[in-house]
Amino acid sequence: MDDMRAADVVIGHAGAGTALEVLRERKHFLMVINDELMSNHQKELAIALQNEGYLRYCYTNTLADSIISFDKEFVSKPFPPPKPQLFSNFVDNIFFT
């Protein structure tokens, strides 16, 4: 975690946990998709997060070119903080109303 906090740009795999960690630290993020996975949820997540302006993504076979062309001036949209109360409110509404 200290390495991530000290970094200007984080390059990491396209797992949801990694994405949340990096985005909550408000770092430039180059998300790398493993395109050999079946029913590739990594790709879906990466596309959605890039379309929202939170990060940039690439594939393993384009990683070197993506690093070279990565624009650190890209201003990513700040990722919203978690709202844990939403889930408990949802459950309360189902069981207690």
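Source: prediction; values computed, not measured. Side chains included, hydrogens not; waters and symmetry mates left out as well; all remaining heavy atoms used.
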Item checked: Contact summary for Phe70 and Phe29, nearest pair of heavy atoms -> CE1-O, 4.2 Å
Next item on the list: Considering non-hydrogen atoms only, spot the tightest contact between Leu55 and Met31 and give its length.
Entry: CD2-CE, 3.9 Å
Could you pull out all donor-acceptor pairs under 3.5 Å where a side-chain atom in residues 78-96 meets a protein atom, sequence neighbours excluded?
from, atom 1, to, atom 2, distance (Å)
Gln85, NE2, Ser88, OG, 3.1
Gln85, NE2, Asn89, OD1, 3.1
Ser88, OG, Gln85, O, 3.1
Asn89, ND2, Gln85, O, 3.4
Asn93, ND2, Asn89, O, 3.3

Indicate if [X] and [Y] have the same hydrophobic cluster label, given that clusters are the connected sets of ILVMFWY residues with side-chain heavy-atom separations under 4.5 angstrom.
X: Val22; Y: Ile67; value: no
X: Leu23; Y: Leu45; value: yes
X: Ile47; Y: Tyr54; value: yes

Could you list the donor-acceptor pairs under 3.5 angstrom formed between side-chain atoms of residues 6-16 and any protein atom two or more places apart in sequence or on another chain?
from, atom 1, to, atom 2, distance (Å)
His13, ND1, Gly15, N, 3.3
His13, NE2, Thr18, OG1, 3.1

Check: When you measure from the side chain of Thr62 to the backbone N and O of Cys58, does any donor-acceptor pair fall under 3.5 Å?
Finding: no
Checklist line | Flag, side chain of Glu25 to backbone of Arg5, donor-acceptor distance under 3.5 Å | finding: no
Checklist line | Sole residue of Val32, Ile33, Ile68 in side chain to side chain contact (heavy atoms under 4.5 Å, CB included) with Leu63 | finding: Val32
Check: Which residues satisfy the side-chain hydrogen bond (donor to acceptor under 3.5 Å, both in side chains) test with Glu21, sequence neighbours excluded?
Finding: none
Notebook entry, point to check: How would you list all residue pairs meeting salt bridge (charged side-chain N to carboxylate O under 4.0 Å, His left out) that involve residues 36-47, not counting sequence neighbours?
Noted result: none
Note to self: Show me the pairs that pass salt bridge (charged side-chain N to carboxylate O under 4.0 Å, His left out) and involve residues 52-63, at least two apart or across chains.
What the structure shows: Glu52-Lys77
